[in-house]
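Worksheet for the structure shown next.
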Amino acid sequence: MAMVGFLQAQNCTNLPASWRHPESRTDFLSADFYREIARVLEAGKFHLAFFDDRLAMPDRYGNDHRHTVEHGIRCVKLDPLVVLMTMGMATRHLGLGATCSTTYYEPFHVARLFATVDLMTEGRAGWNVVTSLNDGEALNMGRREVMEHDLRYDRADEFMEVVLGHWDAWDDDALILDKVSGRFAAADKVHRLDHVGPYFRSRGPFTVPRSAQGHPVIIQAGQSGRGRRFAGRWGEVIFATAPNVEFGKRSYKALKDEAEHAGRDPDSMVICNLVLPVCALTRAAAEDKMALIEQLPLEIDQLSLLSEGLNFDFATKGLDEQLTSEELASFSGLQGIRDRVIAVSGKSNPTVRELMDFSHRGRPDDAVVGGPREVADVLEELFTERACDGFVVAATHVPGGYADFVQYVVPELQRRGLYHSDYSGRTLRENLGLPKPAVGSWKNQARSSSAVSP
Ligand SMILES: Cc1cc2nc3c(=O)[nH]c(=O)nc-3n(C[C@H](O)[C@H](O)[C@H](O)COP(=O)(O)O)c2cc1C
């Protein structure tokens with residue numbers, strides 16, 4: 001069972017209200033804050049600490065940032081890769097993943113950043129590949145509006161070819177470092193990419209040799225048809241969401257099928273489902289904790305995050321006003337939220353309030369609340385029923401949410417033989433059971449996946 005900490009380099013966790021939790025640390029601008037979280041996760045033998053990211057604060061609601069700042073709705077966002085390094089220096093085994101967008105950076109730049117982190121952490125780096133989703137990001141990064149959904153993924157496919165091509169530039173045995181002969185590296189073992197495609201040009205040779213794990217682990221979380229096809233082609237660790245076991249099983253199989261269609265071994269993909277645990281020594285104590293957490297969110301948290309995620313200004317609508325079919329079709333961000341709400345509510349034109357209620361966005365309503373056995377039971381069922389290979393664990397507050405999980409749930413999972421008792425390898429790939437990729441191995445999947453249906 002793989003375990004990933006779902007982290008934010010910001011003033012709150014994935015739950016925006018978390019900063020108001022009495023036990024939340026408030027020094028989120030200090031390296032010590034992140035080092036402490038890293039130490040907690042490593043004590044719990046987490047495979048990976050992963051930072052999400054977005055290139056704008058949520059200001060789509062009312063086209064204004066004032067409410068976001070006043071209420072602390074994910075308004076601080078530090079650079080996740082830099083924060084990641086402080087955690088890498090405080091740990092020895094914990095994998096270290098960060099998000100970076102294919103829409104707003106050059107592939108050479110991204111390839112070099114992550115390859116460098118991979119070397120500096122001795123093969124523990126991962127890259128969460130996202131295509132970005134709202135106009136706020138576009139406006140911060142020199143564009144007028146976000147690029148169309150499927151086009152973002154078309155570009156991202158080529159982006160991956162350039163990044164992986166550069167990561168292949170140095171053969172594993174290219175470095176010689178012979179001071180006597182004066183040979184630094186073998187010239188015939190360092191290759192130029194010379195990429196020219198519809199979206200990108202990049203020449204090379206790349207300037208960073210390969211790491212102990214070959215190259216960083218590719219993380220992905222596409223949910224739409226196009227997104228899942230992309231995930232099936234490139235993703236080695238996949239983040240997924242599932243409201244129940246049956247949905248999770250179907251989604252798990254569909255993702256593994258995508259990998260197979262892309263010419264990959266489906267076992268080379270580790271699927272982790274999002275989970276928000278609230279745990280304590282007993283169920284009653286966990287329920288008390290949950291009662292406090294439930295008091296924290298505000299209505300504006302939800303409205304702001306839905307506007308951000310769906311790229312639609314909900315301030316233009318009344319709470320009990322139905323969304324028209326045109327409005328629903330215009331959502332260009334996380335379309336999976338819209339589709340899920342329509343499916344679960346049975347309403348083809350939900351109101352804004354129904355969107356809030358059924359999406360749970362910005363609220364802890366999906367939390368798994370219980371003592372060690374109850375929480376472990378839920379995780380065990382999802383895992384053994386093959387709804388996932390592991391979990392991406394969100395926190396109601398930090399570092400306490402993770403400290404509780406490590407204290408109460410991890411030992412129970414270990415006792416059941418579901419979760420490792422220690423790190424088995426040196427690199428992130430070794431600990432996740434992923435093979436070290438041979439130079440050029442990605443090219444087979446890059447060629448064959450274009451035949452996959454949406
Ligand atoms: C656990 C998890 C973490 C995610 N982290 C990010 C992130 O950091 N930045 C981002 O823009 N999107 C993030 N996403 C969104 C996905 O990358 C993806 O865009 C989303 O699931 C919608 O799928 P689609 O792009 O196929 O429509 C995350 C999704 C999940 C489930």
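Every number for a ligand or one of its atoms is a count from 1 in the order of the listing. Remember, predicted model here, so these are calculated numbers, not experimental data. Keep in mind that the numbers below use all heavy atoms, side chains included, and drop hydrogens, waters and symmetry copies.
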query: Looking only at heavy atoms, is any part of Arg228 under 4.0 Å from ligand 1, and if so is it the side chain, the backbone, or both, or is it neither?
result: neither
- prompt: What residue and heavy atom of the protein are closest to atom 17 (O) of ligand 1, and at what distance?
  reply: Val130 CG1, 3.6 Å
message: Give me each pair satisfying side chain to side chain donor-acceptor pair (under 3.5 Å) with a member in residues 392-405, each pair once, sequence neighbours excluded.
response: Lys289-Asp404
message: So, regarding Gln220 and ligand 1 (criterion: nitrogen or oxygen to nitrogen or oxygen, under 3.5 Å), is there a contact or not?
response: no
- request: Just do the side-chain hydrogen bond (donor to acceptor under 3.5 Å, both in side chains) check on Tyr252 and Asp389 with the steps written out, would you?
  value: CA-CA 9 Å; Tyr252 179 91; Asp389 301 308; 2.6 Å; yes
task: Answer yes or no: does an N/O atom from Gln223 fall short of 3.5 Å to an N/O atom of ligand 1?
output: yes
message: Show me the pairs that pass ring-ring contact (aromatic ring centres under 6.0 Å, His included) and involve residues 327-351, at least two apart or across chains.
response: Phe312-Phe331, Phe314-Phe331
field: Short N or O distance, Asp53 and ligand 1, threshold 3.5 Å exclusive
entry: yes
message: Please report whether atom 14 (N) of ligand 1 has a protein non-hydrogen atom at a separation of less than 4.0 Å.
response: no
message: Regarding ligand 1, does Ala221 bring an N or O atom to under 3.5 Å of one of the ligand's N or O atoms?
response: yes
statement: Nearest heavy atom to atom 19 (O) of ligand 1, choosing from Leu334, Asp150, Leu274, belongs to Leu334
task: Please determine if Thr131 has a nitrogen or oxygen closer than 3.5 Å to a nitrogen or oxygen of ligand 1.
output: no
message: Is there a polar contact, in the sense of an N or O pair closer than 3.5 Å, between Tyr153 and ligand 1?
response: yes
query: For ligand 1, which part of Phe6 has a heavy atom less than 4.0 Å away: the side chain, the backbone, both, or neither?
result: side chain
message: Looking at every heavy atom in both Met87 and Ala49, which two are closest together, and how far apart are they?
response: CE-CB, 4.0 Å
query: salt bridge (charged side-chain N to carboxylate O under 4.0 Å, His left out) between Asp32 and Arg25: does it pass, once the steps are laid out?
result: CA-CA 11 Å; Asp32 189 58; Arg25 272 177 67 161; 3.0 Å; yes
